[in-house]
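Residue numbers begin at 1 in each chain, while the letters A, B, ... track the order of the sequences.
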Amino acid sequence: MKYNFEEIEKRWQDKWEREKSFAVADDADSPRYYALEMFPYPSGRIHMGHVRNYSIGDVIARFKRMKGFSVLHPMGWDAFGLPAENAAIKHGIHPAAWTMDNIDYMRKQLRRLGLSYDWDREIATCHPDYYRHEQLFFIQMLKKGLAYRKRTKVNWCESCHTVLANEQVEEGCCWRCDNEVQAREIDGWFFRITDYAEELLEGCDTLSGWPEKVLVMQRNWIGKSEGAEIVFDVKDRDGLSITVFTTRPDTLMGATFMSISPEHPVAMELAEGTGQEDEVKAFIDKFKREKARKEYGDTEKEGVFSGSYAVHPVTGDVIPIYLANFVLMEYGTGAVMAVPAHDQRDFEFASRYNLPVKLVIKPDADVDGFDVNNLEAAWEGTGHLVNSGEFDGLFNEKAKKEITAWLEKQGRGRSRVTYRLRDWGISRQRFWGAPIPVVHCEKCGVVPVREGDLPVVLPVDAVPDSAGRSPLPQLESFWRTRCPSCGGDARRETDTMDTFVESSWYFARYICPRDDKPLDKEKVDRWLPVDQYIGGIEHAILHLLYSRFFTRALRDLGWLSADEPFKNLLTQGMVLKDGSKMSKSKGNVVDPSDMIKAYGADTVRLFILFAAPPERDLEWSDKGVEGAHRFLQRLWRTVTENREHIVSASPFDSGMHSQLPDDLKKLRMKTHSTISRVTKDIDKRFHFNTAISAIMELMNEVGAVLKGAVPEGEEAPVLDDTAWSVVREALEHTLIMLNPIVPHITEELWHILGHEDDLWAVEWPEADAVAMKSDTVKIVVQVNGKVRANIMVDAGADQEAAQAAALDDANVKRHLEGKQIRKVIYVPGRLLNIVAG
RNA sequence: GCCGAAGUGGCGGAAUUGGUAGACGCGCUAGAUUCAGGAUCUAGUGAGCAAACUGCGCUCGUGGGAGUUCGAAUCUCCCCUUCGGCACCA
């Protein structure tokens, strides 16, 4: 009987589809488990990264199902996005048609992998039935102040007439036309994610099922820092003051000048009437040009004197105010007090412009190369305060609090927490996205679309023009509308939402995918948070942070109760070929479909799960795939060639274990220790590679038993009924354990062995403790820490017995010759170490 | 620069709590089968030393160096390399 994987895989896939085998009931009694993989962008074809992601998820889903859980395991499409627009421009096809074609093709590819999805729950985010709910959320967020509109600077390409995302700006130029990108101020929509900064940060501490790496990245991204705001009056300018933010209020007395961002609103005002106007204006212009090019990061620190002075809030000293290119308007207050003695950036700036340096914190211990009178670098460490008047002698960490308190009392400052996180800009001047559901009315201003009028449908009779411009602002049938408030002429918003908005709540929609309302709270609360989320590390910040925010926003709108969307997260590594990421430009792409055609889905799944643990990068190996295929061939032959004997053998009665001959006891021990090992590897660690290798060992042992039973000159093994029973037990458990990994071949062999039930629905086995117990155990004997012998002792042997047996060993004797035994360490069942000298 | 992860045979990777380093797979070598190739099966496969008996035995070895321990891939410290993230965040 030949292993015809193509025929076998198709037959089972058809059956699963026909019978909706993996559809899950919402109200099942059994415990629930929500297994989810990041849904794909329908780019055209699936790639190996998808295969890996979805194979991992499928093993978990199938395993949990066999463990008795009701498993929710859905799939869908992150279907809005720029590639569809590019394809539209290039091929003159509507983004919707292109996207739907891709979805149809990729759905077939996923089905061909035998993934156990509940396809009835499939969603595509470009469908109005999906995004209409998102539009409702938007309106509710708008009413709650969580969505708002503001004017802000963006990357603008004049020749393409569009805003570019940061990642589409290459060295200051448009990625498409190479035109220089300009900074332009335009209106855009934002989500107030900063309102949740603290909660998102604290939430990180509750995510014990997330990789530490991702949590670190999220915490850094949120970037909380605690410090103080300090108000400096500007000299001779009545009422004008500048507020700075600092994390080092303890160094206040060392402030010798002030640096403000060239974008600071008072920059020009400071220069007026001082004779510095021209220089300041030139500097600001230059800064704007360079900023558009995004070159800063390692640009040299530059600045210019503003012409004005600030008054030190404690000493009353007058310090110059500079414009400095490294001060960011977006962070803090856009102005800093410069303490060159204790901040490296200020130190460099001061050195360049010959500004005074005042040491106010003295290191407690002698520091190499530290000279109070001749600083070579800023001292950013701890120490005690000097040159600080009444604060002298304080430890600097304590001084932070005291100085802040002092300022507060004087009304010159207050403690303040700042976050690096900015509000989420969701406006896109693109066509292929969910329309933002508001209208602009000359009388009423910005008015949300009435909830009953949703969805605002993206027209299917328009395409982007050849330059990539969205057709919406020109499409009168789209934008011309009436104001929901006054009924007068109004213009629809033509911006669409960032596609990350769709992926911020799709995991909740899967729970009630056809519901008329966005979310059925009762159902959603039953399933969320997702028990296991699986995807690439590249989403460590964006998608995962947005989803965490959106979940909270939905919670506060009353749509669900969860705080966090994903309880456990597994970030899988990349699939590499020849040491680097597969890419068209490198020409090292391996197409999953080619592999499935040549070896079958089971082989591809087996290889990809075997080659590396999930979180690590995986090196693709054609030879390795062949090896995986060989293993399945061997499994196939072992079962089919011995089919008759196995089928007629009675199931093994575990009560008979003690009466088995040693070789069969050994095989049973292997069977059950493998069950134990595989269960742990899949359930606790997701280390499918070691689970598979353990099953391979079991197969090797079955093979050895069968081979050993082949009489001289014959081909088939000859065993008695008891032995066949034990072999049957081993092989059937092999099929069960392999089923989540290679579901088709195991299902087929299961039926070949006469079973009529579905293997995927069989209960996951428990290891038999009796079978795993052995009468004797092998222990290692060391002399002075070096292995000198392996001996067999009774399983319960005490140290005395083990030591006696060890001393009986010739090699051990030899190494102990002429030596005194000083100490013996005994680890029962493992080792005996004799220390002698 | 800062933060994080990782360095184990020719390769992918194992090693549960500090207890036989190299499981499993790939590759390679030899043999069986074969006209041949492929496939399959058997044996071997970290580096060395030693050995014409038989069984073996011995030394070294997890990026480098120190340390803790009866015992270290595993724990501590220092250094090197690679990858990833952040990058003037005041």
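B:G61 and B:C3: their C1' atoms are spaced 33 Å apart (whole Å). Atom P of B:A30 sits at a distance of 13 Å from the matching atom of B:G38, rounded to the whole Å. Only the P atoms considered, B:G18 is 8 Å distant from B:C75, to the nearest whole Å.
Here B:G9 is in the syn range [glycosidic angle within 90° of 0].
At a threshold of 4.0 angstrom between heavy atoms, the contacts of A:Val327 include nucleobase atoms, whether or not backbone atoms are also involved. Across all strands, A:Ser621 comes closer than 4.0 Å to no nucleic acid atom at all (heavy-atom distances). When heavy atoms are screened at a 4.0 angstrom cut-off, A:Val835 is found touching the sugar-phosphate backbone but no base atom. Note on A:Asp346: nothing from the nucleic acid sits closer than 4.0 angstrom, heavy atoms only.
When the P atom of B:C24 is taken as reference, atom CG of A:Asp681 falls 15 Å away, rounded to whole Å.
Phosphate proximity of B:U69 to A:Asn833: absent, as no side-chain N or O sits under 4.0 Å from OP1 or OP2.
A cation-pi arrangement is present between A:Lys301 and A:Phe326 under the rule of less than 6.0 angstrom and at most 45 degrees off the ring axis.
For the 3.5 Å distance criterion, the side chains of A:Thr382 and A:Asn396 fail to qualify, holding no donor opposite an acceptor.
At a threshold of 4.0 Å, the pair A:Arg219-A:Glu212 counts as salt-bridged, since one of the basic side-chain nitrogens sits closer than that to a carboxylate oxygen.
Put simply, CZ on A:Phe607 and CD1 on A:Ile692 are 10.5 Å apart, with the number rounded to the nearest 0.5 Å.
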